[in-house]
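Predicted model, so just to flag it, every value in this text is computed and none were measured. Each chain gets a letter, A, B and so on, in the order the sequences are listed, and its residues count up from 1.
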4 protein chains.
Amino acid sequence: MSGTETKAAGRPRSAEKDAAILQAALELLASQGYTRMSLSQVAAAAQVSKSTIHLRWKTKADLLTAALAAARMTDTPPPSGDLRTNLVNILKDFAATIERVNGMALIGTCLAEEAHTPELLALLRERTVLPRRTLLRDALEQAQLTGQIREDADLEAAVSALLGPFYADYMAGRGGDPQWAEQAVDLVLAGTRAGN
Amino acid sequence: MSGTETKAAGRPRSAEKDAAILQAALELLASQGYTRMSLSQVAAAAQVSKSTIHLRWKTKADLLTAALAAARMTDTPPPSGDLRTNLVNILKDFAATIERVNGMALIGTCLAEEAHTPELLALLRERTVLPRRTLLRDALEQAQLTGQIREDADLEAAVSALLGPFYADYMAGRGGDPQWAEQAVDLVLAGTRAGN
Amino acid sequence: MSGTETKAAGRPRSAEKDAAILQAALELLASQGYTRMSLSQVAAAAQVSKSTIHLRWKTKADLLTAALAAARMTDTPPPSGDLRTNLVNILKDFAATIERVNGMALIGTCLAEEAHTPELLALLRERTVLPRRTLLRDALEQAQLTGQIREDADLEAAVSALLGPFYADYMAGRGGDPQWAEQAVDLVLAGTRAGN
Amino acid sequence: MSGTETKAAGRPRSAEKDAAILQAALELLASQGYTRMSLSQVAAAAQVSKSTIHLRWKTKADLLTAALAAARMTDTPPPSGDLRTNLVNILKDFAATIERVNGMALIGTCLAEEAHTPELLALLRERTVLPRRTLLRDALEQAQLTGQIREDADLEAAVSALLGPFYADYMAGRGGDPQWAEQAVDLVLAGTRAGN
DNA sequence: AATGAATGAGGATTCATTCAT
DNA sequence: AATGAATGAATCCTCATTCAT
């Protein structure tokens, strides 16, 4: 980071291969799970030899950690003037992202591997969960300032109340309900409205 | 013909072994995940030979399906006269059960395996998620009858709002917050109170 | 054999089961080969438990030896007044029997197992090959007496010359040639005709 | 593009190992039979890891097919001016080869496996049976041209008459008779002699 | 006698990783 | 740098056999 590195001798590593490997790894992690996915599959999908992977990441866990770390799964939030609309939009983007990347399986993998490779869940939190929570929290704080929400409301709990129904619905097999975001927002706004 | 059951020929199958295998399988499923867990581990944990397992269940998937199916993870609900107390108790029992059986890892495994062994998630829903939801829903319906909750409230959404924060908290790394159940109940009751 | 046996106490063994097991074993030996065939398959085919098999024969080799020993695969020869017709009929019955019982596979199995279970090939010889050879040899000896065949002809070699083309044809992939028996007989008769 | 062969990347595959594996496989196929032989045995005999085998051949059947295909079991025919001597030499070489490679057991294995792995018998035919038959047939055709054998003689049948006694003798337990080749040749020549 | 349970040994195959080119 | 070869450990599963009922 501070310029101490000598310029690497020999052929430089191909950046395209780096990217292809990481992407393939992430997709396979989501579709197969940690243990079921094999490095051969990653190599095949990335059009690269297995050794090329090991040249960059020492172990399977290293590779998958890197793949999760490289994942950018929070889109920039959609702007709007209205609190309710803002919240609903963030939640809908959240759901769309999860659907797009086979996210529930990926979440499942990270949960299942927590005992063996806790970095996975940690990274998932850091890269995908927490940024989204920050967006929601910022919106709620703004609403607190404007008096739309009680001052003493627990905003972290409110954020969990906004996101939670998505998980609960999925677990119940009622995932995909088009109303869920609006219902969650309305419930939270009703429950935290100033003057209640 | 007087009794419907003919006495089974041969040596009877050991019920203790049945139970030991299923329990070991479930614990390992939670602690290791589907693919990482091996039948050898199950056999060792249950003090049984691998063949004894295969005698009862043809494949690994069969065994784990049976283990999940046999799991009784919803305790009988604690009775109480007060709506709020009832709901909180159900939620706390829910959380306690999940902690007791390493439930988030188990849920993760079922989510991760959904593409390959969908029966796992289906069973988890049927045996653990839906019974708990039914308890909550019954309590809410009662409250609707007594006028504590609006008649037009979407009770399924309310149930998801009650359970959801638990998942969301866990994903955010704030699992174990002792307040979550009360907060969730209060929010839902506030948001669906009749006369709002 | 000399009356020394005490009358067996307890329930006598079922003769039907004996027969069913032996027949199933022989069929599976032919269709699957020694190693590939399993005692479970035999048990299932004979509608009997595996233990019932082991009760009668101590090992797999014992069972299959018994099955081969019990096999009666030489039909009584068809009578006729003419030497050539007699020989052709014997050969055709030979070929028909082999086709009926999947004989080439059975022969193959006995050959393949010769190093491990030489009794199989020995029994096959004793029960199926040699009786047929005796039929042929008897007919040739009769022909020698009537002067149709040279006195100094090697009859064992002649018998092999009669049967051999069947094997050679099969190995060459030309098994089933309808002419083979007549051609073999004609060749042998021409080659051993008295006065050549 | 000037040379058609690009230099293969990576470490080249060891030709010695290839050969050692194939030879070990063939020997074990003959001595143990298809099902009894294990890849572990092959690996041990070839001083190679099991994975090295799987790297080259995906399945056991593939390996054994390749081993049979690689086997060169027909020596170049011995030249001679005399028809009878030629035929006898070919037959004796045939018998010698079979003895050398435990050929009857190998043949037995291929016959026994015909229902499950028909490629084995097919290859055995193509690589060992048919080439030898071609040698014999060529010699007989030559003899037909020079008038030593009747023009209308069925040469394929004659070839089977030459080879057949070997199989028949073996099945009768009289294999190894030193006279068989001469006797077979004499019989065929006598039976097909022009002018009979 | 007959059955089903129980087991230990062994099978083919896959995988993450290390080596040689 | 990049590749393919090589490997040891581990996996699920099958089988012949022995035990308990």
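Here the rule is side-chain contact (heavy atoms from CB on, under 4.5 Å) with Ile21(C), and of Ile53(C), Leu39(C), Leu26(C) only Ile53(C) fits it.
Of the two residues near DNA chain E, Thr35(D) and Thr35(A), the one whose nearest nucleotide lies more 5' is Thr35(D). Where Tyr34(C) and Gly10(D) meet DNA chain F, the nucleotide closest to each residue was compared, and Gly10(D) sits on the side nearer the 5' end. Mapping Ala61(C) and Ala61(B) onto DNA chain F by nearest heavy atom places Ala61(B) closer to the 5' end of the strand. With DNA chain E read from its 5' end, the first of the two nearest nucleotides for Thr59(D) and Gln47(B) is the one closest to Gln47(B).
Contact annotation: Arg11(B) does not reach the phosphate of dC19(F) (side-chain N/O to OP1 or OP2, under 4.0 Å). Taking side-chain N and O atoms only, Ser49(B) has a distance below 4.0 Å to OP1 or OP2 of dT7(E). For the OP1/OP2 pair of dC19(E) and a distance below 4.0 Å, the side-chain nitrogens and oxygens of Lys50(A) include no atom meeting the criterion. Of the side-chain N and O atoms in Ser38(B), one or more sit less than 4.0 angstrom from OP1 or OP2 of dT11(F). The phosphate of dT7(E) has OP1 or OP2 within less than 4.0 Å of a side-chain N or O from Thr52(B).
Rounded to an integer number of Å, the gap from CD of Glu16(C) to P of dA2(E) is 10 Å. Rounding to whole angstrom units, CD1 of residue Ile21(D) and P of dT7(F) are separated by 9 Å. In this structure, CE of Met37(C) is placed 12 Å from C1' of dA16(F), rounded to the nearest angstrom. Lys17(C) has its NZ atom 8 Å from the C1' atom of dA1(E), to the nearest Å. With rounding to whole Å, Leu55(C) atom CG is found 18 Å from dT21(F) atom P. Nucleotide dA5(E) holds its P atom 16 Å from the NE2 atom of His54(B), rounded to whole Å. Remark: C1' of dA16(F) and NE2 of His116(C) are 16 Å apart, rounded to the nearest angstrom. Regarding Trp57(B), its CH2 atom lies at a distance of 18 Å from the C1' atom of dT14(F), rounded to whole Å.
The side chain of Val48(D) has dT7(F) as its nearest neighbour among dT14(E), dC12(F), dT7(F). Considering only the side chain of Arg13(A), dA2(F) comes nearest among dT7(E), dA2(F), dA2(E).
The partner of dA9(F) is dT14(E), by the rule that a Watson-Crick or G-U pair needs both atom distances under 3.5 Å. Pairing partner, dA16(F): dT7(E), with both Watson-Crick or wobble hydrogen-bond distances short of 3.5 Å.
At a threshold of 4.5 Å between non-hydrogen side-chain atoms, the residues Ser14(B) and Val48(B) do not count as touching. Using a 4.5 Å cut-off on side-chain heavy atoms (C-beta onward), Met37(A) and Thr109(A) make no contact.
Within the 3.5 Å criterion, the main-chain N or O of Leu120(B) finds no donor-acceptor partner in the side chain of Thr117(B).
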Check the pair Arg13(B) / Leu55(B) against side-chain contact (heavy atoms from CB on, under 4.5 Å), numbers first and verdict last.
-> CA-CA 10 Å; Arg13(B) 209 168 272 188; Leu55(B) 177 63; 4.1 Å; yes

In sequence, state the C-alpha distance, the side-chain angles, and the governing distance for Glu27(C) and Asn102(C), and then conclude on side-chain contact (heavy atoms from CB on, under 4.5 Å).
-> CA-CA 8 Å; Glu27(C) 279 166 13; Asn102(C) 200 4; over 6 Å; no

